[in-house]
Amino acid sequence: MPKISLPDGSERQYDATTSGANIAASIGEGLARAAVAIRVDGDLWDLNREISDDAEVAIITRDSEEGIELLRHDAAHVLAEAVKELWPETQVTIGPAIDNGFYYDFARKEPFTDADLETIEKRMQEIVDRDEVIEREVWERDKAAEFFRGIGEEYKAEIIESIPSDEDLTLYRQGEFIDLCRGPHLPSTGKLGKAFKLTHVSGAYWRGDSNNEMLQRIYGTAWSNDKALRKYLHMLEEAEKRDHRRLGRVMDLFHFQEEAPGAVFWHPNGWAIYQSLISYMREKNTEADYQEVNTPEIMAKALWEKSGHNAAFGDNMFTTETVDGRVYAVKPMNCPGHIQVFNQGIKSYRDLPQRLGEFGKCHRYEPSGALHGMMRVRAFTQDDAHIFCTPEQISDESIAVCNLILSIYKDFGFDDVRIKFADRPEVRVGADEVWDQAERALLQALEASGFEYTHNPGEGAFYGPKLEFVLRDAIGRDWQCGTLQVDLNMPERLGATYIGEDGNKHVPVMLHRAILGSIERFMGILIEHHAGKLPLWLAPQQVKVLTITSDADDYANEIVAELRAAGLRADCDTRNEKISYKVREHSVAKVPALFAVGQREIENRTVAVRRLGSKKQQVMPLEAAIEALKTEVDSRR
RNA sequence: GCCCACAUAGCUCAGGGGUAGAGCACUUCCUUGGUAAGGAAGAGGUCCCGAGUUCAAAUCUCGGUGUGGGCUCCA
């Protein structure tokens, strides 16, 4: 005779054992329809699982976050059932719900084709129409393992055998298909509905290990209703439109070509943005008391052996051998170079902290499959800096770096920034005591700063723990850009010392920091964040002066000269084309400000200003229009 | 690096064992037009590279390179 307490505080008494389905039905028909599972004393249960004791119960509906996750998980099972029906020799492995959808990994010799995806999707819909009952069964581990091995499901058997032998486990059966699963699941396949779509196939390593065999992963998206599905598909289309690789072409910013995979060919427009970013960062660095240096891109390999880079990731370094047999490496980082600068002359504790910054071009031989437009390249520019300081200065310097990073992100329109603390990785240099010390120092600084953070275990740099600054863009994607690392290893390896107050030599602490990370990547993020509509101060072409008739050519040239004198990047378009044609063309190219000039503007010495994204224009006196733009650029809005 | 797919005009793409196609862009001409595509004509290609099969390969096969979607990686 269970007494059921509901989230609204009400209680219901049931005569015999009951179930989530009963409870939902007793509350209302609509709820019964929308219910997909229940939460019983904190655990998720199937709707039809018997409740025999008093419990706190909450109904999970298909529109709730947990409900949708459940639908996605069920979609994965229906996908596996469909594949097994179509190609029984295929082995199933795992299939979880993920953001926006689900996937399932299969082991099968023949690759799945796009046509197969359509066939599978149709079969999935049939399975939904069949409305098969989904039943939960409790099995002993060994029996379950034996069962799956018996039906040729080696991968399933392997997963089950990795579960402790004294633990019972649950299997879920729907139609002819049975799968290992913790659950919960829908009561029947019909409840899934048809707001799902298979999207693509890809490879994935068994158990995520690149030493293992490659499985075939089928991805899909699933939602609680058709409207949500359509909305998501539309969002994907929109995201594609803001792809920096497409916009890079439309805006004529850069290109890549086969001869230089992962290296950018900058066009004048793209280089203008690059230069704007550099000069902005230069200004910020100067304000924060950094000094700019520049160090060689190619240095003897021996130096990289000494620094530990060669051992830790020599595979990712470009090397070169000269005719006289000397081996050099192209720098993958700037730190060893900065230590060489620090090492010149004798440093006193009075010289610390010394903050050396460099816009250093680094090369890393990234795996070919990792390259992705400007987001992941082999040749990139870091806005790098190294702070040489005493142990006592770590905290203040770290806090200053955090504040600097956050203020800069704000200037670029990124307000949603997360900080992660990443500690020692498996492959590393230096003694554990040194790591203890470095991790403690960084964590203390982080605590002192008062910023919220999360822990990212084992993700530190090979020479020290780090803070990762992750920003969220306009369409909700996260990008790790900035980093702050405490390094108690490399200065010693490369012989950096200073004379302390006690007259003895000491090894300085080195803080590594980058704010934008890589200029290339940051620009890619900016382009996608703004969908190409960069703020005026970053736009490569800030103003286009468009003539309406050729009578206005002289006036247009005069305006361009004045705009340029005011420090704005401006050009004119005096082509023999209609004004609407010119407006369209420059709007497509994302020029933020268009000045149209014709007879009326000549007579009144005005311009008709049209801003990107607006359909209206405003006629203004020329000088006022220039002044307004100048103010906007200066304020970096 | 691994799995799958793709590579044809500047761009987006269609086609396909036997003279290479469209739209946009480009050039020239007409048009001087008031805010997202005015009209006409023209030019433009080693169909990614290499080998093989074939009387004949852009097309089929194999190898390579690059790109895309993922996986692994991202110090």
Side-chain angles (χ1 to χ4, degrees), chain A residues 103 105 108 110-114 116-117 199-219 240 243 245-246 249-250 252 255-262 307-317 332-333 335 362 364-373 375-378 380 422 425-429 459-464 466 468 480 483 485 512 517-518 521 546-553 574-589 594-601 608-610 612-619:
Chain A
Y103 68 75
D105 286 348
R108 176 177 184 247
E110 303 73 34
F112 290 113
T113 63
D114 286 347
D116 289 340
L117 286 196
T199 52
H200 57 285
V201 194
S202 79
Y205 295 108
W206 166 235
R207 302 206 140 176
D209 185 337
S210 58
N211 297 314
N212 287 345
E213 59 272 36
M214 190 52 83
L215 305 171
Q216 294 187 64
R217 175 171 297 179
I218 298 181
Y219 281 94
E240 207 175 311
D243 189 313
R245 293 165 299 188
R246 189 185 83 83
R249 213 173 7 252
V250 173
D252 195 13
H255 82 273
F256 290 91
Q257 67 185 51
E258 209 169 325
E259 288 79 359
S307 70
H309 286 82
N310 195 60
F313 60 95
D315 286 351
N316 286 350
M317 285 164 69
M333 293 179 176
C335 1
C362 296
R364 299 179 184 178
Y365 189 74
E366 300 289 359
S368 56
L371 301 181
H372 179 93
M375 303 305 196
R376 192 81 183 273
V377 286
R378 286 183 176 153
F380 57 94
E426 270 179 48
V427 180
R428 60 179 185 264
V429 296
E459 294 294 321
F462 76 85
Y463 43 73
K466 68 179 177 185
E468 299 169 345
Q480 195 220 303
T483 181
Q485 304 160 4
H512 305 239
S518 124
R521 181 178 140 92
L546 317 179
T547 51
I548 293 165
T549 68
S550 51
D551 294 338
D553 287 3
T574 56
R575 289 176 305 168
N576 174 13
E577 295 289 353
K578 288 201 164 59
I579 188 65
S580 31
Y581 183 91
K582 295 183 185 181
V583 166
R584 177 186 150 79
E585 190 170 291
H586 300 298
S587 298
V588 167
L594 302 180
F595 285 5
V597 289
Q599 205 52 49
R600 295 204 293 267
E601 286 73 22
V609 182
R610 177 174 169 141
L612 184 59
S614 161
K615 285 196 191 308
K616 291 184 205 139
Q617 53 268 341
Q618 189 186 2
V619 178

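Throughout, protein chains are lettered first and strands after them, A, B, ... in sequence-line order, and every chain is numbered starting at 1.
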Can you tell me, in whole Å, how much space there is between the [atom1] of [N] and that of [M]?
N      : M      : atom1 : value
B:rG38 : B:rG50 : P     : 42 Å
B:rA14 : B:rC6  : P     : 11 Å
B:rA20 : B:rG15 : C1'   : 9 Å
B:rA41 : B:rA58 : P     : 33 Å
B:rA51 : B:rU12 : P     : 29 Å

### Query
Ignoring hydrogens and angles, are the base of B:rG34 and the side chain of A:Glu601 linked by a donor-acceptor pair under 3.5 Å?
yes
### Message
Is it the case that B:rG70 (base atoms only) and A:Tyr205 (side chain only) share a donor and an acceptor within less than 3.5 Å, ignoring hydrogens and angles?
### Response
no
Of the nucleotides [options], which one has an atom closest to the side chain of [X]?
X        : options                : answer
A:Ala370 : B:rC11, B:rU35, B:rC73 : B:rC73
A:Val588 : B:rC3, B:rG34, B:rA36  : B:rA36
A:Met214 : B:rU67, B:rC71, B:rG33 : B:rC71
A:Glu577 : B:rG34, B:rG38, B:rU67 : B:rG38
A:Gln599 : B:rC11, B:rU35, B:rG34 : B:rG34
A:His200 : B:rG69, B:rC73, B:rU35 : B:rG69

So what does [X] hit on the nucleic acid, given a heavy-atom distance under 4.0 Å: a base, only sugar-phosphate, or nothing?
X        : result
A:Thr549 : base
A:Asn316 : base
A:His586 : nothing

Find the distance [X]:[atom1] to [N]:[atom2] and express it as a whole number of Å.
X        : N      : atom1 : atom2 : result
A:Leu546 : B:rU35 : CG    : P     : 13 Å
A:Arg376 : B:rG1  : CZ    : P     : 13 Å
A:Tyr365 : B:rC73 : OH    : P     : 18 Å

### Message
Taking 4.0 Å as the cut-off, does a side-chain nitrogen or oxygen of A:Arg108 come that near to OP1 or OP2 on B:rC4?
### Response
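No, because none of the side-chain N or O atoms of A:Arg108 sits under 4.0 Å from OP1 or OP2 of B:rC4.
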Pairing nucleotide - [N], Watson-Crick or G-U, each distance under 3.5 Å:
N      : result
B:rC60 : B:rG52
B:rU67 : B:rA5
B:rG45 : none

### Query
Got a second to check how far A:His372's NE2 is from A:Arg245's CZ, nearest 0.5 Å?
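These two atoms lie 4.0 Å from each other.
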### Message
Need to verify one output field. Residue with the more 5' nearest nucleotide on RNA chain B, A:Arg521 or A:Ser587?
### Response
A:Ser587
